[in-house]
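Below is one structure; the comments refer to it alone.
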Number of protein chains: 2
Amino acid sequence: MVDALRALANPMRLQMLLWLRDPIRNFAGMETIADPLEVGVCVSHIQAKAGLAQSTVSAYMAELQRAGLVLATRVGKWTHYKRDEQRIAQFVAALGQTL
Amino acid sequence: MVDALRALANPMRLQMLLWLRDPIRNFAGMETIADPLEVGVCVSHIQAKAGLAQSTVSAYMAELQRAGLVLATRVGKWTHYKRDEQRIAQFVAALGQTL
DNA sequence: CCGACATTTCGAAGAATCCCGATTTGTCAT
DNA sequence: ATGACAAATCGGGATTCTTCGAAATGTCGG
């Protein structure tokens, strides 16, 4: 709960999670090795969009994952991240209840 | 939006906001100068409950206020804080929409 | 096995947060 | 006016966050 709030309290991390709502629109024109809707978006593409260092993006995605907001899938050398819609909805519902 | 998330990302500030959901139960036995449901709870009482320094509690409540989650009312020497239910509901709704 | 490339992990500088005690400000009663 | 008390502000030390570049790890093609 607090972990998710902390993860979302950073503008760039929040933005990244929002980009993943519509991967096709937000990562258009990037060569895709797998279906974005199925496995998600790879770190390189998120990095290109964010304009941060590669190591920073990696750490941020790992933090979103630890917070239970995204799921990671490795396809070859590429790690793909997609939203964990169930956990996100669960978080919003829980916040609405307790808050 | 991010301001509210940042304010809530601290366990004690979150706790304080939750205490204010039921002031009568959570601040029972404390001498009240005004109706807790009407004007809220004064800083001294929140401080006693939290066990933090007075200056810390003052700063934390101010931060919750800047984030639009609580309202402040001064009654005599006492500043009372109560939840801004409308803004809180608005925040939860907005989060559910954008997130 | 080796080079190339994606990602993670490590180490570090600067900024922000957390939390405190001390001081200042605001307000009331005398 | 002044003393007492609540709250806000100030100044600072410890910790965490933000972000980077460099190095290590994982994975594929040849």
Side-chain angles (χ1 to χ4, degrees), chain A residues 2-17 19-20 23 27 30-36 39-67 69-82, chain B residues 2-17 19-20 23 27 30-36 39-67 69-82:
Chain A
V2 174
D3 286 338
L5 286 167
R6 294 185 72 79
L8 295 173
N10 175 286
M12 187 54 85
R13 280 194 301 266
L14 178 58
Q15 181 63 82
M16 286 166 169
L17 195 65
W19 282 335
L20 291 179
F27 299 91
M30 294 179 178
E31 297 176 25
T32 163
I33 192 70
D35 182 12
V39 297
V41 180
C42 74
V43 176
S44 326
H45 292 172
I46 301 172
Q47 192 226 323
K49 184 98 176 175
L52 294 177
Q54 188 272 322
S55 59
T56 302
V57 174
S58 177
Y60 279 11
M61 294 315 296
E63 192 167 346
L64 285 172
Q65 187 189 13
R66 272 194 307 277
L69 298 168
V70 299
L71 293 164
T73 313
R74 184 138 200 178
V75 179
K77 348 182 205 180
W78 296 271
T79 302
H80 292 71
Y81 287 97
K82 73 168 175 181
Chain B
V2 173
D3 286 339
L5 285 168
R6 295 185 70 81
L8 295 173
N10 176 285
M12 188 54 85
R13 279 193 302 264
L14 178 58
Q15 181 64 82
M16 288 166 167
L17 195 66
W19 282 334
L20 292 178
F27 298 91
M30 293 177 177
E31 297 174 27
T32 164
I33 193 70
D35 181 12
V39 296
V41 179
C42 75
V43 175
S44 326
H45 293 172
I46 301 172
Q47 193 224 324
K49 183 100 176 174
L52 294 178
Q54 185 269 321
S55 58
T56 303
V57 174
S58 177
Y60 278 12
M61 294 314 296
E63 192 168 346
L64 286 172
Q65 187 189 13
R66 273 193 306 277
L69 298 167
V70 299
L71 293 165
T73 315
R74 184 137 201 179
V75 180
K77 352 184 202 179
W78 295 272
T79 303
H80 293 72
Y81 287 98
K82 73 169 175 180

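Numbers restart at 1 for each chain; the letters A, B, ... are given by sequence-line order, proteins then strands.
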Could you report the tightest heavy-atom contact between [X] and [Y], atom names first, then the distance?
{"X": "B:Gly40", "Y": "B:His80", "value": "O-CD2, 3.4 Å"}
{"X": "A:Trp19", "Y": "A:Ile46", "value": "CZ3-O, 4.4 Å"}
{"X": "A:Leu8", "Y": "B:Leu5", "value": "O-CD1, 3.6 Å"}

Using a heavy-atom cut-off of under 4.0 Å over every strand shown, decide if A:Ser55 touches base, sugar-phosphate, or nothing.
base

Applying a 4.0 Å non-hydrogen cut-off, can you work out what A:Ser58 is touching in the nucleic acid: base, sugar-phosphate, or nothing?
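Base: the residue A:Ser58, judged by heavy atoms under 4.0 Å, touches a nucleobase.
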
Report the nucleotide, chosen from C:dT27, C:dT7, C:dC19, that has the shortest atom-to-atom distance to any side-chain atom of B:Arg74.
C:dT27

Nearest to the B:Arg13 side chain among D:dT19, C:dT27, C:dC18, which nucleotide is it?
C:dC18

Check this one for me: any side-chain N or O of [X] less than 4.0 Å away from OP1 or OP2 of [N]?
{"X": "B:Tyr81", "N": "D:dA8", "value": "yes"}
{"X": "A:Tyr60", "N": "D:dT19", "value": "yes"}
{"X": "B:Thr56", "N": "C:dC20", "value": "yes"}
{"X": "A:Asn10", "N": "D:dC17", "value": "no"}

Expressed as a whole number of angstroms, how long is the span from B:Gln15:CD to C:dC19:P?
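Rounded to the whole Å, the gap is 13 Å.
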
What's the CZ-C1' distance between A:Arg66 and C:dT8, to the nearest Å?
12 Å

In terms of the nearest nucleotide of DNA chain D, which residue is placed more toward the 5' end: B:His80 or A:Gly76?
B:His80

Checking only heavy atoms, does the side chain of B:Gln54 share a donor-acceptor pair with the base of D:dA8 at less than 3.5 Å?
yes

Judged by each residue's nearest nucleotide on DNA chain C, which is more toward the 5′ side, A:Lys77 or B:Arg6?
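Residue closer to the 5' terminus by nearest nucleotide: A:Lys77.
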
Measuring only between side-chain heavy atoms, which start at C-beta, is A:Met16 closer than 4.5 Å to A:Met12?
yes

